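Values in this document were obtained by computation on a predicted structure and should not be read as measured data.
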Amino acid sequence: MSTLYRSLTITALVLTSGLMAGCASQQELIPDTGPDILDVYDRHMQQSSQTPNMWREIRDGRRDLSDYTRSAAKELDTRFPKLPNPELVMYVFPHLTAKGRPVPGYVTTFSMYETTHYALPGEVAP
């Protein structure tokens, strides 16, 4: 028997016995302590029933919801600002099409980079 074959066999036996010992462990993965779902639900329902005035204020329009609504000012304040992508100006000279029709000269613009890149929060000064 070669030394390589013997070392591979021993390594395989050690790994297999280690895996078997790990599977036989009696350790609990999820603890059995703490509140169950019904307790959490009951506590939530008790807290929400203590604040019925808040829901009434929202329904009647007396509650300030400006922090929860979208506005133009919030939409303009972007978290990921666009990085500069300069526009290049190109002049197309007058020419003829493949069928011989004339095309007048015109100016067009295109971005220097193919894709728009965005900065991470805090990378660009406001």
Side-chain angles (χ1 to χ4, degrees):
M1 206 182 248
S2 71
T3 330
L4 177 63
Y5 180 74
R6 180 176 289 177
S7 64
L8 286 175
T9 305
I10 292 172
T11 305
L13 286 173
V14 169
L15 287 175
T16 304
S17 63
L19 287 173
M20 297 294 266
C23 292
S25 170
Q26 294 297 323
Q27 181 181 6
E28 290 184 31
L29 296 178
I30 300 175
D32 218 10
T33 60
D36 60 358
I37 295 295
L38 186 59
D39 293 337
V40 173
Y41 177 77
D42 288 339
R43 189 175 334 126
H44 172 74
M45 294 309 289
Q46 287 173 356
Q47 289 174 352
S48 65
S49 67
Q50 292 172 359
T51 57
N53 292 335
M54 179 184 74
W55 300 113
R56 197 173 298 124
E57 290 174 1
I58 291 173
R59 188 184 63 220
D60 297 340
R62 292 180 287 144
R63 184 91 171 178
D64 180 28
L65 299 175
S66 62
D67 291 337
Y68 302 101
T69 56
R70 295 171 69 174
S71 66
K74 289 180 184 177
E75 296 294 320
L76 293 176
D77 180 29
T78 58
R79 186 173 298 267
F80 301 98
K82 287 184 182 181
L83 291 175
N85 190 2
E87 286 192 338
L88 302 176
V89 179
M90 181 178 78
Y91 177 72
V92 179
F93 288 96
H95 59 280
L96 298 175
T97 64
K99 294 185 178 182
R101 297 192 175 110
V103 177
Y106 59 94
V107 175
T108 185
T109 61
F110 57 94
S111 299
M112 181 181 284
Y113 306 112
E114 289 182 20
T115 58
T116 303
H117 297 280
Y118 296 90
L120 293 175
E123 276 189 323
V124 178

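Both Met112 and Val92 are members of a single hydrophobic cluster when ILVMFWY side chains are connected at heavy-atom separations under 4.5 Å. Residues Phe110 and Val107 are members of separate hydrophobic clusters, defined by side-chain heavy-atom contacts under 4.5 angstrom among Ile, Leu, Val, Met, Phe, Trp and Tyr. When hydrophobic clusters are built by joining Ile, Leu, Val, Met, Phe, Trp and Tyr residues whose side-chain heavy atoms come closer than 4.5 Å, directly or via intermediates, Tyr113 is not grouped with Val89.
The two residues Leu96 and Pro102 make their nearest non-hydrogen contact at CD2-CA, 3.6 Å.
Surrounding CD of Glu114 are at most 12 heavy atoms belonging to other residues, nucleotides or ligands under 6.0 Å away. Around atom CG of Leu120, more than 12 heavy atoms belonging to other residues, nucleotides or ligands sit under 6.0 Å away.
Rounded to the nearest 0.5 angstrom, Met90 CE and Tyr106 OH are separated by 6.0 Å. Here the CG-OG1 distance, from Leu88 to Thr108, works out to 10.5 Å after rounding to the nearest 0.5 Å.
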